[in-house]
Amino acid sequence: MSAKQHKILVVDDEPDILDLLEYNLSKEGYKVKTALDGRKAVNIAAKFTPDLILLDIMMPHQDGVETCRQLRENPDLYNTFIVFLTARSEEYSEVAAFDTGADDYITKPIKPRALMSRISAMFRREEKKRKKNNKININGLSIDRSSYMVVIKDEPISLPKKEFELLYYLAQNPDKVHSRDELLQNIWGSDVYVLARTVDVHIRKVREKIGSNYIVTIKGVGYKFGSEE
């Protein structure tokens, strides 16, 4: 999919930032819409169905974290990237962002050229993953990469994108132990800075949905997908 086919929604309460990002994204060939607050963003996203949303945290009426939570409740936005652009650098803000389904967290001030490269890299990685179209069946668990579908003993399970990617990556190499750094590198990418705790949060959420017996914690090392029931 070329840049001209990708749609991006920019959400920020500062008009100057909206204008800056809209100009740079449009110059790269993206189709862009903007919103000044979270409530408007949710409504616009439902109709526009963007491929990526750039989202501020501190906004009037509704903050970015709550906006992200509502966006992730819309099944039409399942594969939409959500990237936080914020002046807040506290750890709890970053954890809250990833906990509600963010794909990336970038602190201001914004560097347009670096941001454009980052967005382009995200789309390239996604395109490579789509071409694999692999399916894994193990221990009564079916993971279909082409449809992002997880089925446990004939029961479909809904997982947000990053949780799905994490489960799929672990299940590809059962019994192999993966460090948090490796998981961060392969699921979030080397150009995305996230905390190691983010992996633990996502592992916990996956276990809540598929059960605790599939993913094994190796204390002080990382995680593995167990091959035995």
Side-chain angles (χ1 to χ4, degrees), residues 1-2 5-8 45-46 48-53 68-83 98-104 119-180 182-192 194 198-218 222-229:
M1 186 179 285
S2 68
Q5 293 174 295
H6 283 127
K7 298 181 290 182
I8 297 180
F48 185 49
T49 58
D51 301 294
L52 184 144
I53 299 171
C68 182
R69 187 189 65 76
Q70 292 183 18
L71 290 167
R72 284 304 186 208
E73 289 177 347
N74 184 342
D76 292 334
L77 303 176
Y78 182 85
N79 291 317
T80 297
F81 289 110
I82 298 180
V83 176
F98 284 112
D99 206 17
T100 52
D103 295 286
D104 200 354
I119 290 171
S120 178
M122 291 179 77
F123 285 138
R124 284 198 305 271
R125 284 199 305 272
E126 186 67 11
E127 188 62 28
K128 287 180 182 178
K129 289 174 182 177
R130 283 200 190 102
K131 289 179 180 179
K132 289 184 179 180
N133 291 336
N134 293 327
K135 189 172 183 178
I136 297 172
N137 291 288
I138 185 169
N139 294 350
L141 183 68
S142 173
I143 310 170
D144 190 342
R145 185 67 182 73
S146 61
S147 63
Y148 277 86
M149 180 67 69
V150 176
V151 178
I152 300 177
K153 298 175 182 177
D154 298 325
E155 180 182 351
I157 305 294
S158 177
L159 294 179
K161 185 195 296 185
K162 278 292 180 284
E163 293 174 27
F164 179 92
E165 295 289 354
L166 184 56
L167 175 63
Y168 182 83
Y169 186 82
L170 290 169
Q172 279 184 303
N173 298 285
D175 294 323
K176 178 183 177 182
V177 180
H178 304 272
S179 69
R180 289 173 177 81
E182 178 190 347
L183 294 172
L184 287 171
Q185 174 89 12
N186 286 279
I187 306 303
W188 282 268
S190 58
D191 55 339
V192 178
V194 292
T198 300
V199 174
D200 301 332
V201 171
H202 281 71
I203 290 287
R204 173 175 57 79
K205 286 179 167 290
V206 172
R207 282 171 168 163
E208 287 173 356
K209 293 165 185 172
I210 70 168
S212 59
N213 58 314
Y214 288 102
I215 300 176
V216 181
T217 301
I218 307 301
Y223 298 98
K224 72 172 184 177
F225 188 96
S227 64
E228 297 181 4
E229 295 190 71

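Numbers here are sequence positions counted from 1.
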Are [X] and [Y] side-chain neighbours, meaning at least one heavy-atom pair lies under 4.5 Å?
X: M122; Y: F81; result: yes
X: I215; Y: V206; result: yes
X: D104; Y: W188; result: no
X: Y168; Y: K135; result: no
X: L52; Y: F123; result: yes
X: Q172; Y: I136; result: yes
X: I119; Y: V83; result: no
X: D99; Y: K205; result: yes

Does the [X] side chain pair with the main chain of [Y], one donor and one acceptor, at a distance under 3.5 Å?
X: R69; Y: T100; result: no
X: D103; Y: I82; result: yes
X: R72; Y: L77; result: yes
X: D51; Y: K7; result: yes
X: N139; Y: G226; result: yes

Atom pair [atom1]/[atom2] of [X] and [Y] - distance to nearest 0.5 Å:
X: L141; Y: I152; atom1: CG; atom2: CD1; result: 5.0 Å
X: H6; Y: S120; atom1: NE2; atom2: OG; result: 9.0 Å
X: I187; Y: T198; atom1: CD1; atom2: OG1; result: 12.5 Å
X: Y223; Y: I203; atom1: OH; atom2: CD1; result: 5.5 Å
X: N74; Y: L71; atom1: CG; atom2: CG; result: 7.5 Å

**Request:** Could you please spell out the steps behind the side chain to side chain contact (heavy atoms under 4.5 Å, CB included) verdict for I157 and V151?
**Result:** CA-CA 6 Å; I157 305 294; V151 178; over 6 Å; no
**Asked** What do the steps show when you test I8 against I53 for side chain to side chain contact (heavy atoms under 4.5 Å, CB included), and what is the final call?
**Response** CA-CA 6 Å; I8 297 180; I53 299 171; over 6 Å; no
[X] and [Y]: which non-hydrogen atoms are nearest, and at how many Å?
X: A171; Y: I143; result: CB-CD1, 3.7 Å
X: V177; Y: K224; result: CA-CB, 3.9 Å
X: P50; Y: A45; result: CD-O, 3.6 Å
X: F225; Y: L170; result: CB-O, 3.3 Å

**Request:** Mind checking side-chain contact (heavy atoms from CB on, under 4.5 Å) for A102 and listing every partner two or more places apart, or none if nothing turns up?
**Result:**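 Partners of A102 by the side-chain contact (heavy atoms from CB on, under 4.5 Å) criterion, ordered by chain and then number, come out as F84, A97, F98.
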Sequence neighbours left out, what passes salt bridge (charged side-chain N to carboxylate O under 4.0 Å, His left out) with [X]? Give chain and number order.
X: K161; value: none
X: R207; value: none
X: D200; value: R180
X: K209; value: E163

**Request:** Return yes when atom CD of E155 has more than 12 non-hydrogen atoms of other residues, nucleotides or ligands closer than 6.0 Å, and no otherwise.
**Result:**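 Counting other residues, nucleotides and ligands, CD of E155 stays at 12 neighbours or fewer.
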**Message:** Can you see whether T49 engages D76 through a side-chain donor-acceptor pair at a distance of less than 3.5 angstrom?
**Reply:**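 No, D76 and T49 have no side-chain donor paired with an acceptor closer than 3.5 Å.
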**Prompt:** What residues, two or more places apart in sequence or in another chain, satisfy ring-ring contact (aromatic ring centres under 6.0 Å, His included) together with F164?
**Reply:**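 Per chain and number, F164 pairs via ring-ring contact (aromatic ring centres under 6.0 Å, His included) with Y148.
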